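Comments concern the structure below.
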There are 2 protein chains.
Amino acid sequence: MAPRGETKERILAKALESFSTIGYDGTSLDDLAEALDIRKQTILYHFVSKRGLLNAVLDDSVKKLTESLEEVLTSTNSNRDRIEDLVRSVFRVALEQPLLLGLLREVSRPGSPAAPRLKNQMSPLMSRAITWMEEEMESGRMRRTDAQLVLLSAYSTVVGLATEIEILRTAGVERVLRPAAQRRQELLNFLRTSLTPLEKQTI
Amino acid sequence: MAPRGETKERILAKALESFSTIGYDGTSLDDLAEALDIRKQTILYHFVSKRGLLNAVLDDSVKKLTESLEEVLTSTNSNRDRIEDLVRSVFRVALEQPLLLGLLREVSRPGSPAAPRLKNQMSPLMSRAITWMEEEMESGRMRRTDAQLVLLSAYSTVVGLATEIEILRTAGVERVLRPAAQRRQELLNFLRTSLTPLEKQTI
DNA sequence: GGATTTTTCTACCATTTGGTAAGTCTTGGC
DNA sequence: GCCAAGACTTACCAAATGGTAGAAAAATCC
């Protein structure tokens, strides 16, 4: 028998994989258990219910995502570098852990049982980013725009990228990095032209 | 009793709505039947199986999508206008029928049972677009790039937009047109800078 | 090394699911 | 008016699903 939380971690990892590929409804606890060579009741023991498992996977994923971005948001670089750092780190996560963003995509679907929870989980990060952007705008270092719209646009680009990567991989495309880099550049350009004050634009 | 294919059409419409919001696995034939005030076996009578229903919905949607683009692709405008026309018409579909793109998003997920079928359905349109682009490149009217990559990028932008719109709507945002227009402009800029030959760029 | 707690398993269960079989009803052609 | 074809329904069913109850096994603590 596995000591400590090892089994729990294994379940979380496999659940993330399953939820983010074949979806929540498409995942059955029986299949999950079989894939882990575990009895279904072991899953329910750790997570009470299937919904509980989804919540746990979600919490875990958002935590990892937040950690990845936290260090960038608290850095002391200049604005321009900061935007670039932010975009780069998000894309790094998307490339290294496409499953994580696949989950986001799965769960952010309207009508998903976990959508409100995701919203709550993400809102601190979001509102923080919005606040930061609005401060920058107030001080004139960033052009006045709807911060929420910009964020949303960036968000859907990244989630779209994650989808794209998985599709490419399953389609057998070997070089998956080039389109990603291309999209990253695209997003970066968009953010810069959206956010850089007009008088500072050097393009 | 409803004459002609009226019931069939109603089932198709409701199935599209359900598949593209709560997903294929999340949709039960019983619920679908109840929502239509119909017996489940009526659905199975028309479409043989749940999978058959998905295929029918898919065929129907791709057909509508293709029709929307066909007229643009066969138009005789200049390249530049043609790209803009294409983008505009795709976005019009995305705005008027978000369900249609929601289905694309749902179904294009790797591991989806309908993914290969979608691929087959879309490939004529895709390969046609790629051929056209490559001809333009050959003749120098369009800059040399990987046509497939550009298409993929555009595709994921549009599907991402559909997601965005649905999320906005469920989040209670009333003005859904502005972000859509913003993304459209973004995509348009990307395509132009990607495709316009260097010597012709006027930006 | 025994008691206790944590972890995992076996045995069931109620409900839902997609699907089959066999009708009934309706409509249009003759 | 009859009847064949199409449209729709009732009656069932086997498998899968999420979940409960409680025993067994392993790890931990003293």
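To find a chain, count down the sequence lines: A is the first, B the second, and so on, and within it residues start at 1. Quantities reported herein were computed from a predicted structural model and do not represent experimental measurements.
One atom, CG of A:L44, and another, C1' of C:dC12, lie 14 Å apart when rounded to the nearest Å. Remark: C1' of C:dG18 and CG of B:D25 are 12 Å apart, rounded to the nearest angstrom. Rounded to an integer number of Å, the gap from B:K8 NZ to D:dG6 P is 12 Å. Atoms CG (B:L54) and P (C:dG19) sit 12 Å apart, rounded to a whole Å. What separates CZ of B:F47 from P of D:dC8 is a distance of 11 Å, to the nearest Å. Between the CD1 atom of B:I43 and the P atom of D:dA7 there is a distance of 15 Å, rounded to whole Å. Look at CG on A:D37: it is 12 Å from P on C:dT8, rounded to the nearest Å. The distance between atom CG of A:L53 and atom P of D:dT17, rounded to the nearest whole Å, is 15 Å.
Considering only heavy atoms from C-beta on, B:L65 comes within 4.5 Å of B:L104 through its side chain. Contact annotation: the side chain of A:K8 never approaches that of A:Y45 to less than 4.5 Å [non-hydrogen atoms, C-beta and beyond]. Looking only at side-chain heavy atoms (C-beta outward), A:D59 and A:R117 come within less than 4.5 Å of each other. Put simply, the side chain of A:L54 reaches to within 4.5 Å of the side chain of A:V107, judged on heavy atoms. In this structure the side chain of B:F47 reaches within 4.5 angstrom of the side chain of B:L12, judged on heavy atoms.
The CZ atom of A:R39 sits 9.5 Å away from the CD atom of A:E34 when rounded to the nearest 0.5 Å.
Side-chain N/O atoms of A:H46 include one lying less than 4.0 angstrom from OP1 or OP2 on C:dT8. Taking side-chain N and O atoms only, A:T7 has a distance below 4.0 Å to OP1 or OP2 of C:dT8.
Considering only residues two or more places apart in sequence or on other chains, A:E135 meets the side-chain contact (heavy atoms from CB on, under 4.5 Å) condition with A:T131.
Among the nucleotides C:dT8, D:dT10, C:dT10, the one closest to any side-chain atom of B:Q41 is D:dT10. Closest to the side chain of A:R39, out of D:dT20, C:dC9, D:dT9, is C:dC9. The side chain of B:Y45 approaches D:dC8 more closely than any other nucleotide in the set D:dC8, C:dT8, C:dT10. Each of D:dT9, C:dG19, D:dG18 was ranked by its minimum atom distance to the side chain of A:K50; first place goes to D:dG18.
At a non-hydrogen distance threshold of 4.0 Å, B:T27, B:S28, B:L29 from residues 26-35 of chain B come into contact with DNA chain C.
Looking at which nucleotide of DNA chain D each of B:T42 and A:Y24 is closest to, the 5′-most match is held by B:T42.
Contact annotation: side chain of B:K40 to base of C:dG18, donor-acceptor pair present below 3.5 Å.
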